[in-house]
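What follows is a set of notes on a single structure, which appears directly below.
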Amino acid sequence: MPSQSYYARPALLGGVLSLVLGCAPVPTAPTTDSSNDFAAELTPKQAALAPGGTLVFTSTTSEQANWSATGGSISNAGVFTAPATAGTYRVIAHWPKHDMSDTAVVTVVPSAPPPPPTPVPPSAPVPPSAPALTSLLIAPDSVWMTQLDTVALGAVGHTAAGDSVAPVVIWSATGGAVDANGQFVAGLATGDYQVMARSANGLVAHTALHVDPNIVAILVTPPIVSVTAGHTQQFSAKGVTIENDTIAVSVIWHASGGTITSAGLFTAGSTAGSYSVWCELVPPTWGGTQVIFTRQSPLSGRMRRVPVTGSATVRIGN
C-alpha cells in the first residue's frame, strides 16, 4: 500500500504544477458561428407621419428584434406611434444574438391648421312684404294671331287699396309657348287657346288667343290672260301658308281696267291694253269685331294689319 501511494503522488503533483504554470487542458473543436452570415434590414427605411400616427416596421429576417425609438413609442411587434411633437426620429431594431442593428428615420410632420371659420355676413335687411293682391288681369285680354306670331302679354294686379302693381306671376299656356316674361309664341296648330298667369297668393287670370293660318302669299289664277273687249274672265285666289300649304281664302278684288265683281268675275273694258287684276285678304273678324293686327311684331292690344295681296295681268284686245 505505501508503494502505491508513492506512485500516485508524482501524478497529482504534475497536475498541480500544470495548473500553476497556466497550461490549459487541450480544447475541443470550435462551433461555427452563424452570425457571420446574418443580415437584416428594416422596412421602410424612411417615413413621414402626422403627430400620433402609427406605422408598422418589418425586417428581412423572422428573428425577433429588440425595438427602440428616439421619440414616440414602438411595440415588441414593431408598431411605431409618432410623438405629438414634430421632428425627425430614429427607429432602431437590435438583434442581440448577433450584436447587429438597423435604423429607420421617421419625420413627424405637423398637421395643417384648420381653415379659419367663414365669416358670417351681417343679415341683410328684410324688404317689406309686397301688399297682397285682390285681383289679377292680363293685358291684352284677347289676341288674334297667325302661326308663329308673337305677342308680349303683361300681368296687372290690384291691391285692396286700389293700387295697380306689376306682380310676379307664373305663366302657362294651353298651346304655343310662353316664357317667364309673358312673351307668347303661337305654334303651327291653328285654333283657340288660353294663356294663364298665376300669382303667389293663388289668383289666376286668363287671356284668349285665336291662331289662324299664317298666309304669306296669295296665288291668283290665271296669272296672265288675254280677254277681248267686253268679254269676261273668272279669276280665283288661293292663300299660301307659312308651311307652304294652299288654302281657300276670302279676298277683295280690284282691277285697273274693266270691272271685277266680289266673286272675281272680270269684264274687259273697250280700251285695248295691259291691265292688272289684284286682290287682298279680307280682314278677319273675331267676336264680331274686325281684327287689326301687325304680323311678326309684338302686340299692344290690336294693331294695324299688314295686307297680303296677289295679282294677275290682263291683256285686253279688240
Side-chain angles (χ1 to χ4, degrees), residues 133 135-158 164 166-221 223 235-254 262-264 278-311:
L133 300 180
S135 67
L136 183 66
L137 301 173
I138 297 177
D141 60 356
S142 61
V143 181
W144 180 91
M145 308 180 71
T146 61
Q147 297 164 305
L148 304 185
D149 286 333
T150 62
V151 58
L153 302 173
V156 179
H158 295 88
S164 296
V168 176
V169 296
I170 297 175
W171 294 94
S172 60
T174 59
V178 63
D179 66 15
N181 299 316
Q183 187 80 10
F184 177 81
V185 180
L188 290 174
T190 60
D192 294 312
Y193 302 97
Q194 282 190 337
V195 173
M196 289 77 70
R198 180 183 294 274
S199 66
N201 64 342
L203 297 179
V204 179
H206 302 80
T207 189
L209 297 123
H210 178 78
V211 179
D212 267 357
N214 193 337
I215 299 172
V216 295
I218 297 177
L219 297 179
V220 176
T221 304
F235 287 93
S236 63
K238 291 284 187 180
V240 180
T241 70
I242 198 170
E243 298 178 277
N244 206 33
D245 296 327
T246 56
I247 62 173
V249 291
S250 296
V251 296
I252 301 172
W253 291 98
H254 305 273
S262 60
W278 75 93
C279 64
E280 61 179 319
L281 287 175
V282 173
T285 59
W286 188 28
T289 305
Q290 182 173 311
V291 174
I292 305 172
F293 177 76
T294 298
R295 178 172 287 106
Q296 300 296 346
S297 65
L299 300 178
S300 176
R302 299 184 177 189
M303 303 175 68
R304 183 174 180 82
R305 180 183 175 84
V306 174
V308 179
T309 62
S311 63

Assess the residue pair Leu148 and Leu188 against the criterion (side chain to side chain contact (heavy atoms under 4.5 Å, CB included)); give the C-alpha distance rounded to whole Å, side-chain angles, the decisive distance to 0.1 Å, and a yes or no.
CA-CA 6 Å; Leu148 304 185; Leu188 290 174; 3.9 Å; yes
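Remark: side-chain polar atoms of Asn181 are not paired, donor with acceptor, to backbone N or O of Gln183 under 3.5 angstrom.
Under the ring pair (Phe, Tyr, Trp, His ring centres under 6.0 Å) criterion, Trp278 pairs with His254, sequence neighbours left out. Applying the side chain to side chain donor-acceptor pair (under 3.5 Å) criterion to Ser199, with sequence neighbours excluded, gives Asn201. Residues passing the side chain to side chain donor-acceptor pair (under 3.5 Å) test with Ser172: none are found, sequence neighbours excluded. Every residue two or more places apart in sequence or in another chain was checked for a side chain to side chain contact (heavy atoms under 4.5 Å, CB included) with Ile170, and none qualifies. With sequence neighbours left out, Thr174 forms a side chain to side chain contact (heavy atoms under 4.5 Å, CB included) with Tyr193, Gln194, Met196. For Ala205, the side chain to side chain contact (heavy atoms under 4.5 Å, CB included) partners two or more places apart in sequence, or in a different chain, are Leu136, Ile138.
Taking every heavy atom of both residues into account, Pro213 and Gln147 meet most closely at CA-OE1, 3.6 Å. Between Ser262 and Trp253 the shortest heavy-atom distance is O-CD1, 3.4 Å. Of all the heavy atoms in Gly187 and Val211, the pair that sits closest is O-CG1, 4.2 Å. Here the closest non-hydrogen pair linking Ala152 and Pro140 is O-CD, 4.4 Å.
Cys279 pairs in a side-chain contact (heavy atoms from CB on, under 4.5 Å) with only one of the listed residues (Val220, Val249, Ile252), which is Val220.
Two residues are said to be in side-chain contact when any heavy atoms from C-beta on lie closer than 4.5 Å; Thr146 and Thr241 fail this criterion. Between Leu153 and Trp171, the closest side-chain pair of non-hydrogen atoms falls below 4.5 Å. Between Met145 and Leu209, some side-chain heavy-atom pair lies under the 4.5 Å cut-off.
For the atom pair CD1 of Ile247 and CD1 of Ile215, the computed distance is 4.0 Å after rounding to the nearest 0.5 Å. We find the OG1-CG distance between Thr207 and Leu137 to be 10.0 Å, quoted to the nearest 0.5 Å.
By the neighbour-count criterion of 12 heavy atoms within 6.0 Å, atom CG of Asn244 is sparsely surrounded, having that number or fewer from other residues, nucleotides or ligands.
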